[in-house]
Amino acid sequence: MPNTDESPLSGQVALVTGGGRGIGRAIAFALAGAGAAVAVIARSQTEVGETASTIKGRGGRAIGLTADVTDRIGVEAAAAEAENILGPINILVN
């Protein structure tokens, strides 16, 4: 899942809420597979950490961040951290 110029989402940064498990996790993997760097946000650090680690283990760029989407300040802080590490967010999956 390396981020190459030939990948359709190369150079893009995606933020996926609920990306620690289920559909969100599958979407995070699909986006990373298409070349995007992925910021995964959920309430469980263990789950987002596992998702990000799996993406990185496959050659992608990812970060796992903890936030509750009902907490605006927490989500804004997580998004800012994602942008500081991965770059400007181009794709949002919520």
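Predicted model, so just to flag it, every value in this text is computed and none were measured.
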Asks: Given side-chain contact (heavy atoms from CB on, under 4.5 Å), test Val40 with Leu65 step by step and report yes or no.
Replies: CA-CA 6 Å; Val40 182; Leu65 302 165; over 6 Å; no
Asks: Hey, what do you get for CD (Glu81) to CD (Glu76), rounding to the nearest 0.5 Å?
Replies: 14.0 Å
Asks: Show the nearest heavy-atom pair for residues Ala52 and Gly64, with the distance to one decimal.
Replies: CB-N, 3.6 Å
Asks: With a 4.5 Å cut-off on side-chain heavy atoms, are Val93 and Thr17 touching?
Replies: no
Asks: Does any part of the side chain of Glu47, heavy atoms only, come nearer than 4.5 Å to the side chain of Arg25, both counted from C-beta?
Replies: no
Asks: Is it the case that one hydrophobic cluster holds both Val75 and Val16, taking links as side-chain heavy atoms less than 4.5 Å apart, direct or via other members?
Replies: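 No; tracing contacts between hydrophobic side chains, which count when under 4.5 Å, never links both residues.
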Asks: How about Thr51 and Val38: do any of their side-chain heavy atoms sit closer than 4.5 Å?
Replies: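 Not touching, per the 4.5 Å side-chain cut-off.
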Asks: Can you tell me how far the CG atom of Asp68 sits from the CZ atom of Arg43, to the nearest 0.5 Å?
Replies: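 Between Asp68 CG and Arg43 CZ, I get 5.5 Å after rounding to 0.5 Å.
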Asks: Taking all non-hydrogen atoms of both residues into account, name the closest pair between Ala14 and Leu31 and its distance.
Replies: CB-CD1, 3.7 Å
Asks: Nearest 0.5 Å please: distance from the CZ atom of Arg61 over to the CD1 atom of Ile55.
Replies: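 Between Arg61 CZ and Ile55 CD1, I get 12.0 Å after rounding to 0.5 Å.
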Asks: Quick one: are Ile63 and Leu86 in side-chain contact, heavy atoms under 4.5 Å?
Replies: yes
Asks: Taking atom CD of Gln12 and atom OG of Ser7, what is their separation to the nearest 0.5 Å?
Replies: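 Interatomic distance, Gln12 CD to Ser7 OG, rounded to 0.5 Å: 11.5 Å.
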Asks: Sub-3.5 Å donor-acceptor pair from the side chain of Glu83 to the main-chain atoms of Ile89, do we have one?
Replies: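 Yes, the answer is positive, given that a donor and an acceptor are paired below the 3.5 Å cut-off.
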Asks: If hydrophobic clusters are built by linking Ile, Leu, Val, Met, Phe, Trp and Tyr wherever their side-chain heavy atoms come under 4.5 Å apart, do Ile85 and Val13 end up in the same one?
Replies: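 Result: yes, single cluster for both.
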Asks: Do other residues, nucleotides or ligands put more than 12 heavy atoms under 6.0 Å from the CD1 atom of Ile23?
Replies: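 Counting neighbours around CD1 of Ile23, 12 or fewer heavy atoms of other residues, nucleotides or ligands fall under 6.0 Å, so no.
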Asks: Of all heavy-atom pairs between Ala67 and Ala78, which one has the smallest distance, and what is that distance?
Replies: CB-CB, 4.1 Å
Asks: With side chains defined as the heavy atoms from C-beta onward, is the minimum distance between Ile41 and Leu15 less than 4.5 Å?
Replies: yes
